[in-house]
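Report on the structure given below.
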Amino acid sequence: MRVTPRGFDTEFDPAQVFDDPTEMDLRPGADNCYKCSTCDTSCPVAEVDDDFPGPKFQGPEQWRLKKGDDRDIDPSITDCSNCMRCDNVCPSSVPLSQMHNTARGEYVEGQAPSLWSAEDALADGEFREALSYLRGVPSELSIEFVRNRVLSNYGTMAGLGSEVPRLTNLVMGSRVTKWVNDRFFGITAERDFPEFATQTFREWWRERGGPKVESADKRVAYFHGDYSNYNTPEVAKAMVRVYEFFGYEVRVPTQRCSGTPMFANGMLRDARRAAAVNISNLSDFVDRGYDVIASCTSCSMALGQEYPELFDIEGTQEVSTHTYEALEYLRIHEDLEDELRDADVEFPDLAYHAPCHARNQGLDRQAVELFGELDSLEVEDVGDSCSGISGTYGWKTEKYDTSMQIGEEMFEHMHDATGETGLTECPTCAMQMGHGTGYEIRHPLEVVEAALVDQ
Amino acid sequence: MSSRTGTDTDVVVIGGGSTGCGIARDLAMRGVDVTLVEKGNLTHGTTGRMHGLLHSGGRYAVSDQQSARECIEETRILEDIASHCVEKTGGLFVQLDEDDDAYYEEKLQGCRDCDIPAEELTAEQAHEIEPYLTSDVKRAIKVPDGAIDPFRLCVANAADAERHGGRVETHAPVTDLLVEEIRAEYVVNATGAWAGRVGEMAGLDIEVRPSKGVMTVMNVRQVDTVVNRCKPKGDADIIVPHETTCILGTTDVEVDDPDEYPEEQWEVDLMIDELSALVPILEDARTIRSYWGVRPLYEPPDTGTTDPTDITRQFFLLDHAERDDVGGMTSIVGGKFTTYRLMAERITDHVCEQLGIDRECTTADEPLPGSEDAGVLDDYMDAYGLRSPIAKRSTKRLGSKADEVLETDDPNPVLCTCEAVTRAELRDAIDHSGTDLNAARIRTRASMGNCQGGFCCHRMAYELSPEYDERAVRESLDELYQERWKGQRHALWGEQLSQAMLNHALHATTMNRDRDPANDEEPGIEYGAFDAGPGPDAEADRSATAAADGRVRSDGGVSDDEKDSSENGGTGKQEESTRGDQ
Amino acid sequence: MAISDDVLVIGGGLAGMTSALAAAEEGVRVRLLSYKKSTLRNASGLIDLLGYADGGIVADPFEAIPALHEGHPYERVGVERVREGLDLFDESVGASYLGGHTDRNALVPTYGGTVKPTARYPVSTAAGLASDARPVLLLGFEALSAFDAPLAAEHLRAAGVPFDVRGVSIEFPKRFRADATAMRFARALDRDEPADDADIGTRAALVEEIKDHLDGAERVGVPALLGDEDPEEVRGTLESGLGVDVFEVPMGPPSLPGLRLEDRLYDALDDAGVRVRTGNPVVEFDPDDGYITTVYTDRNGQHVPFEAEEIVLATGGLVGKGVKSDRQAVYEPVFDCHVPHPEDRYEWFRDGAFDDHPFARFGVSVDRDLRPLDADGGVEYENLRAAGSVLGGYDLAAEKSGSGVSIATGYAAGRAAGECA
């Protein structure tokens, strides 16, 4: 007999009442707040940037002060990097990130209604109408909007870029391109664009002929996300090999970006479109007995938490409850610890950074706990600070300095650690770690692969 | 001294509620020398303890059509002259599947009969306006109900009375109508539920029938429209959005004494149980406090109504010369908040007639102070360096005073984060209300949000310094904190009980306010008996100077003289705390 | 397959962390599950043991503890466990806390201008003790509305402190927006960010500002904002610049001393090899013949199993949500252990804000082995122990005993669990 005591099953779900996230009324979520400010102590942005008032103001306070038809969200909402650390710390379970995401969506809608209308008109083929919307929109606003849309739709850009990876890498790496981006689009020239792999993961998967293992009861659908597909296919390949080592049948459903960068930019319309595709495709697999596995902790976060909080698309909850982070799933279903205990692995010593989104899912200590069992390898946790990049945040010219200030602590601790290779689950944290230290950054699945599969 | 009659003032108005303030304004505008006296703060009685509904009249459209007509007319006037006190929320009469069709039709017809604009809505249209309404909605009638801040309204009336030469004396209890400390030619008794008490002093028998009603305050606005249940008048049938909260109302139980009556658990439970049938999320939503008000119901002798719900809501003007052969005094009883101006107009007409003054009433046309140029408010949004929701709330509260109050070069931190009240706004309130922080509270709403003062009472009190001394600050803080506690007691479960424990831990554990040695009787703490630090010499050195009685001040500590002056120089404790505690 | 350990501690506050450390000392494998951040971040960072008993102030808590009523958590574990618990605490936090040299309480100035008795105090507050006779200058910052230094000084004088005390408000040398969080101040000092009006750092600028006001004071008290990462260095710089001692006045939430204590204890957990898992609540469990075998954490409806021999419940009280309530009842949400409380909701409180409130004592009642008891006085589960503010029978606020009870019962429960596992 399993016992479910009372106490955790009464959370309010506004998604039942509102179908559009920008219409959502989250004032009742403010009921849980008792003002303790724990969220503010965890906010990496408020610590370095006092123009940002912190999650308590942005969440429960701002919501509580709203009247029904108020549309004037404080502009500082765009300074929130959507690291979601506040969610993880609130002792009273205020739905902080949901409040931030929704407020940001509302703000962007409010700022750019004409731009959105123009886009809708374009989609309908009404060019004349589209043009009429665009007249009178200040050019800075439309440029920022376009920049944020480009950044948050990384997958589309990457899809084009990876058609001709070498050329794209050459162009994106050029000083002229960076100068143009910085000057005209507000994309910082301080960073190097991630290089595109010469062969994407999906190309490799096709060439390989799909799964090598078939199983009736151990079946997973892999949500690789854009980054592992276009930029770090070695992570995705490691995932496949490790799961096949444990006898799982791996499938790779058609998918779009998880939506993480779109949430962070308030582009809830884009996010909803992407989510609808993902939920539809993944729920087909879930119905057939597959669990969904993500190797990127922001992707598992989006599927597991943000989708059900923001969207009322059919199948959302089902996909959410069946989505797992790759290593955690193995810990629950296999004796991964035991397998690793006796393994001999050739891998450099590691400085591990826990991504904020991993922290939010309770996974921040998993890698160190697991690899702590390996004698041949030292792995150190570089502390609980935020890397500062938060997806697209650190790519914006105006946010670059803040992003690097937040990251300072992590860079210092990485330098203090013995290992000179970084380790993390999140691709954008990896960019920041590499950018701040010059280290090569690996993924925990690659360590498991080296320990178990390569032998 | 009044030049006209040789008395101190021509007219004394007793009672600083909406009616009294309205009368004072009207008299002053007609050039009458008037003094208003109030035993507590303005709104100390019923006005400060209502749900803030500005009636369209829809509620009375079936049972009392004269009141209904007065309501819609007065509502239109107040929207105009007191725009900074009014929020035009609109109202719904919601019929659920189980409710009587005939009553719905009657209500609709009644509204039309009384010229109350009434629009019929389908269930779907009602949900579009208020998504959290139950799915059992059958249909609804939309009427122009609104929400009003009674305190700001009274202050505006009083301020305008003063601007026209009247005087307003608060914390001035009337003890005896015969002791001529203020001699007046004419007395208006506008003390509502307390009218019987005042009458007794003059040997008059005024049969007010005070009736209590509970108001339960929710932490957030679950609805933005006034939501009424469309069924014959009963308990727990209305939800009024008020500032950041919703107020659930109410009960109707006759009481003997308007100052002493039981505040009961069943009343609070009834609000939640009944009204969650209308808006289901209320069932598990957080309430932050409950308060009770006393209606000043009156019915002419020998009417003999038994159920207070059936007593008329109309007002009565009792000229005690006609009625009791006691000259120079009139009482006004019954009536309701929405028609306060009309009541004031009628009684002022009557008083002027007695005094032989022939001046027209202009209170329906002249805007109240703070409400002029309300259109300018939107322009303030980006000013003052405040975050937009904070600027918006402050400017709405301050009306046309916003510029003067909020423009400051000094740091202007938000003191009450629940209600977005900044230091500048609180200091402005303190300029008017001194050490009475409860008065500052109702001016600003500071400490009226979800933490119920746990995180801001002390910050508010500290603003009294340096103008007032430490002892006065301490006493004001204790008084405010206790007043906040009083209403919270009726909301102590779930989130608010957790909040209460957190507040308790903060004030008792971290600040040690519950065992504050400054409140100790002699001899106080023996400082020498406690750890003075671990240093090798510290023990010997430091505890030696702190002698066993803890009173040695060898290093030029505070002298006894200084200490005495701080004890005696404090501002005396104010009257019992104000009761306006929505 | 469940994630398996010997001892499972549920709750990551002071009691939970102490339990985990005590269990780990027994050489078993310990996992700590923590849902959210603990209430340490709201607390002053002072370790109150017992400040008041029978309405009177307590100078020596070890003398007063044996006289406490039956059912008080200290009575349950006995004074020896209290001492051992504090020893473990002292060992875990090292030089960052003082007070262990004596059994006596210390009196620490509060930001409300009172003093309060406490047993262990962060080294950063040490120079502020009220039994020290050296003259004090209190310093506040204009934008920081929770601490009014001149008023606090006046209040301390009214409390009869045996030293001269003055207060002054200044502007922080780096001007933030008026609602900047405490963390922003701490960060500016940690990193010694450049001050606004000078070519010097925030720390040096602060020293310059304070110097003008010293006027014979031998110690300076400032709100507890002096750095998060490196508070000793920040305070050290101020002390050497001023030539006098500097101490922190513990503040309300968010509390830097509470945060620092949490960091220290987490380091101690890492050193002790305790495995920590945060972010998800325990929502279900498998009972088997009077024992709990497995508990499940929830993440958006997805359940992750954890199994262990012994379990410690350290989920906190009403504030930490280890004890919850609704209009009808008070309950313990994880295992539904019995929480004694009056049936009538209007008996849960008293009418005065600082009266003796029954709600302040809500929590589970336990046997002398700290096992929660059901309504009939029987043990709820053989392998379940409770520690910290989930326990009832004491009023941490009135007694000033919160941290002490968490440490003593956390230690006793953790040690017993470790021995049994």
Side-chain angles (χ1 to χ4, degrees), chain A residues 1-9 34-43 46-51 53-54 56-57 87-93 304-305 308-309 317 320-324 328 331-335 337 358-366 368-369 372 381 384 405 408-409, chain C residues 1-4 33 35-39 41-42 176-177 179-184 186-187 191 228-229 252-256 259 263 266 270 273 275-288 294 296-302 304-305 316 319-321 324 331-336:
Chain A
M1 179 191 67
R2 185 170 300 179
V3 179
T4 310
R6 52 193 162 171
F8 288 106
D9 51 354
Y34 52 33
K35 319 293 287 189
C36 72
S37 314
T38 301
C39 52
D40 286 346
T41 64
S42 72
C43 176
E47 186 177 316
V48 298
D49 175 6
D50 56 291
D51 270 335
K56 180 160 64 79
F57 174 84
D87 257 1
N88 183 45
V89 301
C90 170
S92 205
S93 306
Q305 181 177 328
E309 276 184 356
Q317 194 55 50
S320 158
T321 32
H322 285 91
T323 300
Y324 292 83
E328 186 190 37
R331 292 212 64 188
I332 298 168
H333 296 278
E334 308 297 330
D335 201 340
E337 236 177 313
R359 184 175 303 281
N360 224 319
Q361 297 167 78
L363 301 172
D364 52 320
R365 289 169 168 261
Q366 176 175 263
V368 171
E369 190 177 307
D381 192 328
D384 63 357
Q405 277 171 3
E408 239 170 76
E409 193 178 330
Chain C
M1 161 146 225
I3 298 171
S4 179
L33 294 178
Y35 180 19
K36 299 292 190 171
K37 282 299 174 198
S38 80
T39 49
R41 293 181 180 214
N42 311 341
F176 306 124
R177 279 187 73 130
D179 51 4
T181 68
M183 307 305 290
R184 183 71 195 94
R187 164 99 186 184
R191 302 269 149 172
D228 175 20
E229 283 170 52
S255 159
L256 266 304
L259 261 166
D263 288 347
Y266 264 96
D270 283 341
R275 304 161 144 226
V276 181
R277 178 106 164 182
T278 61
N280 302 302
V282 173
V283 293
E284 278 189 343
F285 63 100
D286 294 333
D288 181 20
T294 310
Y296 298 83
T297 61
D298 171 86
R299 182 169 60 237
N300 305 307
Q302 185 187 97
V304 180
V319 181
K321 305 286 174 88
K324 289 186 153 192
Y331 57 94
E332 182 279 298
V334 179
F335 299 111
D336 212 2

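To find a chain, count down the sequence lines: A is the first, B the second, and so on, and within it residues start at 1. What you see is a predicted model, and the numbers here were worked out from it, not measured in a lab.
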side-chain contact (heavy atoms from CB on, under 4.5 Å) assessment of C:Arg41 paired with A:Ser42: CA-CA 10 Å; C:Arg41 293 181 180 214; A:Ser42 72; 4.3 Å; yes

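- Summarising the geometry of A:Cys36 relative to C:Pro253, their closest heavy-atom pair is O-CB, 3.1 Å, with the distance given to 0.1 Å.
- Between the side chain of A:Tyr34 and the backbone N or O of C:Val319, at least one donor-acceptor pair lies under 3.5 Å.
- Under a 4.0 Å N-O distance rule, the pair A:Lys56/C:Asp179 does not qualify as a salt bridge.
- Contact count versus chain C (heavy atoms, under 4.5 Å) is highest, among A:Ser92, A:Pro53, A:Pro308, for A:Ser92.
- Contact record, A:Thr41 with C:Pro254: CG2-CB, 3.1 Å, taken as the closest heavy-atom pair.
- In terms of heavy atoms, A:Arg365 sits closest to C:Val276 at CD-O, 3.3 Å.
- Between chain C and the options A:Glu409, A:Gln305, A:Gln317, A:Gln366, heavy-atom pairs under 4.5 Å are most frequent for A:Glu409.
- The candidate with the highest count of non-hydrogen atom pairs below 4.5 Å against chain C, out of A:Asp364, A:Asp40, A:Asp87, A:Thr321, is A:Thr321.
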Quick one: do C:Arg277 and A:Leu363 satisfy side-chain contact (heavy atoms from CB on, under 4.5 Å)? Show the steps, please. CA-CA 7 Å; C:Arg277 178 106 164 182; A:Leu363 301 172; 4.2 Å; yes

Please report the C-alpha distance between C:Asn42 and A:Thr38 in whole Å, then the side-chain angles of each, then the deciding distance to 0.1 Å, and finally whether the side-chain contact (heavy atoms from CB on, under 4.5 Å) criterion is met. CA-CA 7 Å; C:Asn42 311 341; A:Thr38 301; 3.3 Å; yes

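- Contact annotation: the side chain of A:Glu47 never approaches that of C:Thr181 to less than 4.5 Å [non-hydrogen atoms, C-beta and beyond].
- With contacts defined as side-chain heavy-atom distances shorter than 4.5 Å, the pair A:Cys43/C:Met183 does not qualify.
- Residue A:Asp50 comes nearest to C:Arg177 through the heavy atom pair OD2-N, 2.7 Å, listed as atom of the first residue, atom of the second, then distance.
- For the options A:Thr323, A:Asp384, A:Asp49, heavy-atom pairs under 4.5 Å to chain C are most numerous at A:Thr323.
- Annotation: side chain of C:Arg191 is not in contact with side chain of A:Gln405 (no heavy-atom distance under 4.5 Å).
- Across A:Gly362 and C:Asn280, no two heavy atoms sit closer than the pair CA-ND2, 3.8 Å.
- Ranked by heavy-atom pairs shorter than 4.5 Å toward chain C, the options A:Asp381, A:Val48, A:Asn360 are led by A:Val48.
- Distance alone, capped at 3.5 Å, is enough to place a donor-acceptor pair between the C:Arg299 side chain and the A:Gln361 backbone.
- Of the two parts of C:Tyr296, only the side chain, counted from C-beta on, holds a non-hydrogen atom closer than 4.5 Å to a non-hydrogen atom of chain A.
- Using a 4.5 Å heavy-atom cutoff, the side chains of A:Pro91 and C:Lys321 are not in contact.
- Of all the listed residues (C:Leu259, C:Asp298, C:Leu33, C:Asp270), the one sharing the greatest number of non-hydrogen pairs under 4.5 Å with chain A is C:Asp270.
- In this structure, the separation between CG on A:Asp51 and CZ on C:Phe176 is 11.5 Å, given to the nearest 0.5 Å.
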